[in-house]
Amino acid sequence: MSITKTYDPKIAEEKWYAHWLEKGYFNSVPDDREPFTVVIPPPNVTGVLHMGHMLNNTIQDVLIRRSRMQGKNACWIPGTDHASIATEAKVVQKLKSEGVSKADLSREEFLGHAFEWKDKHGGIILEQLKKLGASCDWNRTHFTMDQSYSESVIDVFVDLFNKGKIYRGVRMVNWDPDALTAVSDEEVLHKEVNSKLFFVRYKVVGTQDEWLNIATTRPETIFGDTAICVNPSDDRYKSLHGKSIHVPLTDRTIPIVTDEYVDVEFGTGCLKITPAHDINDYEIGVKHNLDNINVFNDNGTLNAYGLHYEGIDRFEVRKQIEKELNEKGYLIKVEDHQNKVGYSERTNAVIEPKLSLQWFVNMKELSEPALENVMNGKIQFHPSKFKNTYRHWMENIKDWCISRQLWWGHRIPAFYYGKGTNDFVVAKTIEEAIEVASNKLGKSITKKDLRQDEDVLDTWFSSWLWPISVFDGLTKPNNEEINYYYPTNDLVTAPEIMFFWVARMIMAGYEYLDELPFRNVYFTGIVRDKLGRKMSKSLGNSPDPIELIHKFGADGVRVGVLISSPAGNDLPFDTSQCEQGRNFSNKLWNAYRLISSWEVKDIEQPASSAIAIDWFKNKFQKTLTELNELYDNYKISEALMVSYKLVWDDFCSWYLEIIKPGYQHPIDRKTLEQSVFLFNDVLKVLHPFMPFVTEELWHQLSDQKEDLVVSSWPDFSGFDEGVLSSFSSAAEIVSNVRNIRKQQSIGGKVKLELFYSGKYMGGKEFTSMIRKMGNLSVFESTAEKIGNSNGFIVDGIQFYIPFGDAVDVKAERAKLEQELEYSKGFLISVQKKLGNERFVNSAPTNVVENEKKKQADALLKISLIEEKLGNLN
RNA sequence: GGGCGAUUAACUCAGUUGGUUCAGAGUGCCUCCCUUACAAGGAGGAAGUCGGGGGUUCGAGUCCCUCAUUGCCCA
């Protein structure tokens, strides 16, 4: 045999991917077919493929390929995200390694380096996706900083500003004192740490010796205290309402205010309020109109407000101030305390909350249609449990801080002409800004009078437009493409970006196109290692997907990541799953190898082959309905498993074994032709999961004018449940025979005789199949009592394999007695149920009928076993 | 602290409205077999009081309460 014994993915993968591209199968243009659109969650432009991408993109490809085969105009838009923070960090790091500091560069110089970096590393990930088999329309590759995309981002900013939905305000940001920049919430890691809770006493103004005890984890911020807050209902402090208090170590006095926010149980029930250094304090400060005193320099040392601690680092101050407070009689006690502290993901510095002027989007109105249309099911979440989380977030939505103190990204189109907080205009270009500002000021100004905002926009402020802007839906409203492809169909993404991205795309969709951006959202899980840890680069526990593809083939890896990954559940990944996938590819390959090895002759078709074909046709149709249903419900892993069993168990273990001619015997033409036909259908349903091996076999198996990738998904034509159940009875008979062989240690080559009493309804086709699969010399009915034999019961018919003296009568008797006992126990339980009047009266009739049938079956079985026992010598 | 989930075989998971597709699948494990597609294989097998405890019901893996363990999101 010239065909290799195992499937070699390498050649097929390269060949077919190139072929598909050359034929342009993945390219889509609007036509009169129904569109099926998916936009890729754009990976970071400088990213490399990790296991999360593998899972995510395999699912998208499965959905896209199936839709394409269903005759839809499938369009999968690829692209990348500029990922401002991540990319800028990488560029800064790279420059640093070359001895260049970002601070020494101008904005233009830095951006030059950034684009250079992007051109070099950008899009590697897209090339890697091709290895996976992703059938994206590569002509439509987008980047969030492309010219027209950027325009739409700026347009949206200007538009929302003009609608009053974007405003500028003070807010607490996460300040990284090492990197000297604000970082986003996503870049702050909260860790549980052991710290200390300091109990400090503050003297009440106007009293000789009245003190208030306050618990704090940050005594160094005492210099920024601008109030003491107690719960208004706290009886301990009611007498102090409206009074003032001295701040220790300073000559300042501050008011005592009341707020429900204070937890009576925590610490002493008195909270010192430092509005400049804690987000909650800040909010209380706003409410009670308190001053903000910032006591820190940007590098985390204290400033002049820190008095004699000026210039000393915050943590050092904490140590020293503990000593001073103690010496001066302010410190009452110190307790150990566990709390959560935010650390910078990049520098590991403790994050300092800092007040600054930022840009915000008012989310209230935007969120309303977005919430409504998920809750009412117009946009479906899979699995639906995520609706709850979504609702909770949307109902408590906060304004969105969209400015970032970075250079890489879309620069905020705000232009300042003065120092006042309102001395600015928002405009798409500087030219427009000049005009708007001139009008506003009532005098003509020039370019050099304007200074553009230094900050860029949050990355999500561009990616929330992704499903719209990849079709230029904003820059060219109502163009043919946006009208055709939008709303898109399915979005496949991770639950952790449900708020950052999914929710905001929905908002943008309703705000700008008055329409949902996608109909279904499939949430994948997190890929974890065997120990349950999230796979990450820093842990080094993530296998390189490209190496996996080399080792197991793209199809094998695709199967490996899908096989145990229900929607919304984490995927505990192990390379052994890819091995299973590779073995599956190989199984398919060998099925083909077997069929192709047969010599064809115009001989009569065996009855067993005829029934096998009839059965498999029905079996396939039944499986097809299951598959379609599973797809409709986005149960992709289960669909794969169903396909896997169809191939392995039904097609290979049963079908091919039944039709397989004897060694060096030819096969009849009819059976071979039918087999090729059936195999092709199998390849079709398997193609979305395993595109390469199926395309290869599709062409190897028979001459095909059309490629599998663009062939049509099998039609549903119905199936006959009767044929399926007759077959499973026959298969059960065969299994029983095999089992007896096993128990008796009789090899498969030894022919056995099988008799049965009563009437076997299978007909000659099944008889022929059973004879072949059981390797029987005799399979017939007998009226004679068979004495020493091994037996079994299928469908109420007693089967015997006579062995005469060879039978271990004792063992057979024991086996039968055990069965008898079980059946009797079963009968009793059924009869008990039927004897219960309340059951018979309240249960639906079909349930009662069923119990009656169970009773009859059990009685029959018992009589058969008893008869058999009587016949044993 | 607030919210949302999860707990079914050694592992990973199915289990629609309570009752035959109810105790399932794949992997792993055990036994036998290198049989003429595939040992990356074949045939067979064992394995779970459905997290604990209560309750509703003729009937609970499924509904309710409670406890335990655990995950995620937000603060």
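Every chain is numbered from 1 and lettered A, B, ... according to where its sequence line falls, protein lines coming before strand lines.
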Please report the distance separating the C1' of B/A47 from the corresponding atom of B/G28, rounded so that it comes out in whole Å. 11 Å
Is A/Asp281 reaching over with its side chain to a backbone N or O of A/Thr274, donor-acceptor style, under 3.5 angstrom? yes
Which part of the nucleic acid, if any, lies within reach of A/Tyr644 when heavy atoms closer than 4.0 Å are counted: base, sugar-phosphate only, or nothing? sugar-phosphate
Of all the choices, B/C58, B/U31, B/G26, which nucleotide is nearest to the side chain of A/Asp649 once you look at every atom? B/G26
Quick note, A/Ser653 side chain, CB onward, closest among B/A43, B/C58, B/A14 is B/A43
NA contact type, A/Lys645, heavy-atom cut-off 4.0 Å: base, sugar-phosphate, or nothing? sugar-phosphate
Taking the minimum atom-to-atom distance to the side chain of A/Phe839, which one of B/U20, B/C58, B/G41 wins? B/C58
Check every strand shown and say whether A/Lys854 touches a base, only sugar-phosphate, or nothing at a heavy-atom separation below 4.0 Å. base
At less than 4.0 Å, is any side-chain N or O atom of A/Lys587 found next to OP1 or OP2 of B/A37? Yes or no. no
Just to be sure I understand the rule, does A/Ser745 reach a base, reach only the sugar-phosphate, or reach nothing, if contact means heavy atoms closer than 4.0 Å? nothing
With respect to the side chain of A/Arg582, which nucleotide from B/C58, B/A40, B/A14 is positioned closest? B/A40
Residues A/Trp400 and A/Asp458: side-chain donor-acceptor under 3.5 angstrom: yes
Nearest-Å distance, CZ (A/Phe523) to P (B/A6)? 16 Å
Let me spell it out: for each of A/Arg838 and A/Gln580, pick the nucleotide of RNA chain B with the closest heavy atom. Which residue's pick is nearer the 5' end? A/Gln580
Using the C1' atom in both, what is the distance from B/U17 to B/C30, to the nearest Å? 41 Å
Suppose you measure atom C1' in B/A6 against the same atom in B/G45; what distance do you get, rounded to whole Å? 32 Å
Establish, from distance only, whether the side-chain atoms of A/Asn590 and A/Arg593 form a donor-acceptor pair under 3.5 Å. yes
Round to the nearest Å and state the distance from A/Asn633 atom CG to B/A14 atom P. 14 Å
Is it true that A/Asp668 and A/Lys601 make a salt bridge, defined as a side-chain N closer than 4.0 Å to a carboxylate O? no
Please classify the nucleic acid contact of A/Glu657 as base, sugar-phosphate, or nothing, using heavy-atom distances under 4.0 Å. base
I'd like to know if A/Lys861 pairs up with A/Asp857 as an ion pair, taking the criterion as any Lys NZ or Arg NE/NH1/NH2 lying under 4.0 Å from an Asp or Glu carboxylate oxygen. no
Distance check, P atoms only: B/A9 and B/U62, in whole angstrom units. 15 Å
Mind checking A/Asn586 for me? I need base, sugar-phosphate or nothing, with any heavy atom below 4.0 Å counting as a touch. base
Name the nucleic acid region contacted by A/Pro495, choosing base, sugar-phosphate or nothing; use a 4.0 angstrom heavy-atom cut-off, strictly under. nothing
Does A/Ser842 reach a base, just sugar-phosphate, or nothing at all? Heavy atoms under 4.0 Å. base
Would a 4.5 Å heavy-atom cut-off, applied to side chains only, mark A/His550 and A/Lys10 as touching? yes
Assess the side chains of A/Glu851 and A/Gln855: does a donor N or O sit below 3.5 Å from an acceptor N or O? no
May I have the distance from A/Lys749 (atom NZ) to B/A43 (atom P), rounded to whole angstrom? 17 Å
Can you tell me if the side-chain N/O atoms of A/Lys852 get under 4.0 Å from OP1 or OP2 in B/G19? no
Would you measure the distance from the P atom in B/U56 across to the matching atom in B/C64 and give it in whole Å? 15 Å
Using the C1' atoms only, state how far B/U12 lies from B/G48, rounded to an integer number of Å. 15 Å
Whole angstrom is fine here: how far is it from CE in A/Met641 over to C1' in B/C13? 9 Å
So what does A/Trp648 touch, heavy atoms closer than 4.0 Å: a base, only the sugar-phosphate, or nothing? sugar-phosphate
How long is the line joining NZ of A/Lys853 and P of B/U20, in whole Å? 14 Å
How far does the P atom of B/A46 sit from the matching atom of B/G51, given to the nearest Å? 24 Å
How does RNA chain B read in dot-bracket, base by base from 5' to 3', with Watson-Crick or G-U pairs under 3.5 Å and | used when the partner is on another strand? (((((((..((((.....[....)))).(((((.......))))).....(((((..]....)))))))))))).
Donor + acceptor pair across side chains of A/Tyr655, A/Ser675 (<3.5 Å): yes
Can a side chain N or O of A/Arg593 be found less than 4.0 Å away from OP1 or OP2 on B/A37? no
Which listed nucleotide (B/C38, B/G19, B/A40) is nearest to the side chain of A/Lys5? B/C38
Looking only at B/C58, B/G2, B/G44, the nucleotide nearest the A/Lys742 side chain is B/G44
Paired with A/Phe584, the ring-ring contact (aromatic ring centres under 6.0 Å, His included) test is passed by just one of A/Tyr644, A/Tyr7, A/Phe552, namely A/Tyr644
Is the cationic atom of A/Lys387 (NZ for Lys, CZ for Arg) positioned less than 6.0 Å from the six-membered ring centroid of A/Phe381 and within 45 degrees of its normal? no
Pairwise 5' ranking along RNA chain B for A/Lys398 and A/Tyr663, keeping only the more 5' one: A/Tyr663
Atom CD of A/Glu849 to atom C1' of B/U20: distance rounded to whole Å? 14 Å
Please work out if A/Phe499 contacts a base, only the sugar-phosphate, or nothing of the nucleic acid, heavy-atom cut-off 4.0 Å. sugar-phosphate
Test: A/Arg218 and A/Glu352 ion pair at under 4.0 Å: yes
Look at the side-chain N and O atoms of A/Asn590 and state whether any lies under 4.0 Å from the OP1 or OP2 oxygen of B/A40. no
Roughly how many Å apart are B/A10 and B/G52, using the P atom of each and rounding to a whole number? 14 Å
Roughly how many Å is it from CD1 in A/Ile526 to P in B/U12, rounded to a whole number? 16 Å
Looking only at side chains, do A/Asp795 and A/Ser729 share a donor and an acceptor under 3.5 Å apart? yes
Within the structure, does a side-chain N or O atom of A/Asn388 lie under 4.0 Å from either OP1 or OP2 of B/G5? yes
Whole-Å distance, A/Met172 CE to B/A75 P, equals 14 Å
Regarding A/Lys385, tell me which of base, sugar-phosphate or nothing describes its non-hydrogen contacts under 4.0 Å with the strands shown. sugar-phosphate
Where along residues 732-740 of chain A does a heavy atom fall under 4.0 Å from RNA chain B? A/Ser735, A/Arg738, A/Asn739
Under-4.0 Å salt bridge between A/Lys622 and A/Glu721: yes
